[in-house]
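Scroll down for the structure; my scribbles are underneath it.
Quick caveat, the model's predicted, so the values are computed rather than measured. Side chains included, hydrogens not; waters and symmetry mates left out as well; all remaining heavy atoms used.
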Amino acid sequence: MVSDTFIIDRLREVLHERKQAGRYPVVVWREEFRALFSCEYRALRPLLLQLHEEQRIVAGRTLNSNYITLPDYV
């Protein structure tokens, strides 16, 4: 199982790279979780919910997918 600090640090790294490259929106899509965190969304969901409740991440939903980002990138 991954830790909350690992998720936050990895998100910060990926989102910073995307912002520097000019990619918008600066989010991580649900389909990318396996490649970034080496585990499925299902396994990450409880920890992501906890981080969202603590307002350490921002989560959203589009018509076809879910995404997360950090408050710094909203």
For I8, side chain to side chain contact (heavy atoms under 4.5 Å, CB included) partners two or more places apart:
R12, L51, R56, I57, L70
With E13, which residues qualify under side chain to side chain contact (heavy atoms under 4.5 Å, CB included), at least two apart?
R10, E17
Tell me whether F6 is reachable from L44 by hopping between hydrophobic residues (I, L, V, M, F, W, Y) whose side-chain heavy atoms are closer than 4.5 Å.
yes
Consider only side-chain heavy atoms of I, L, V, M, F, W and Y, link residues closer than 4.5 Å, and tell whether V28 and L49 are in one cluster.
no
Apart from V74 itself, residues in the same hydrophobic cluster as defined by side-chain heavy atoms under 4.5 Å
V58
Through direct or indirect side-chain contacts below 4.5 angstrom among Ile, Leu, Val, Met, Phe, Trp and Tyr, which residues connect to Y67?
V27, W29
So how far is it from D72 CG to H16 NE2, rounded to the nearest 0.5 Å?
12.0 Å
Rounded to the nearest 0.5 Å, how far does CZ of F33 lie from CG of N66?
7.5 Å
In terms of heavy-atom contacts, L48 and I7 come closest through CD2-CG2, 4.3 Å
In terms of heavy-atom contacts, C39 and A43 come closest through CB-CB, 4.5 Å
So do the side chains of R18 and Y24 get within less than 4.5 Å of each other, counting heavy atoms only?
no
Can you list the residues that meet the ring pair (Phe, Tyr, Trp, His ring centres under 6.0 Å) rule with Y73, with sequence neighbours excluded?
none
Taking atom CD of Q55 as the centre, does the number of heavy atoms from other residues, nucleotides or ligands within less than 6.0 Å exceed 12?
no
With sequence neighbours left out, what residues match R30 under salt bridge (Lys or Arg N to Asp or Glu O under 4.0 Å)?
none
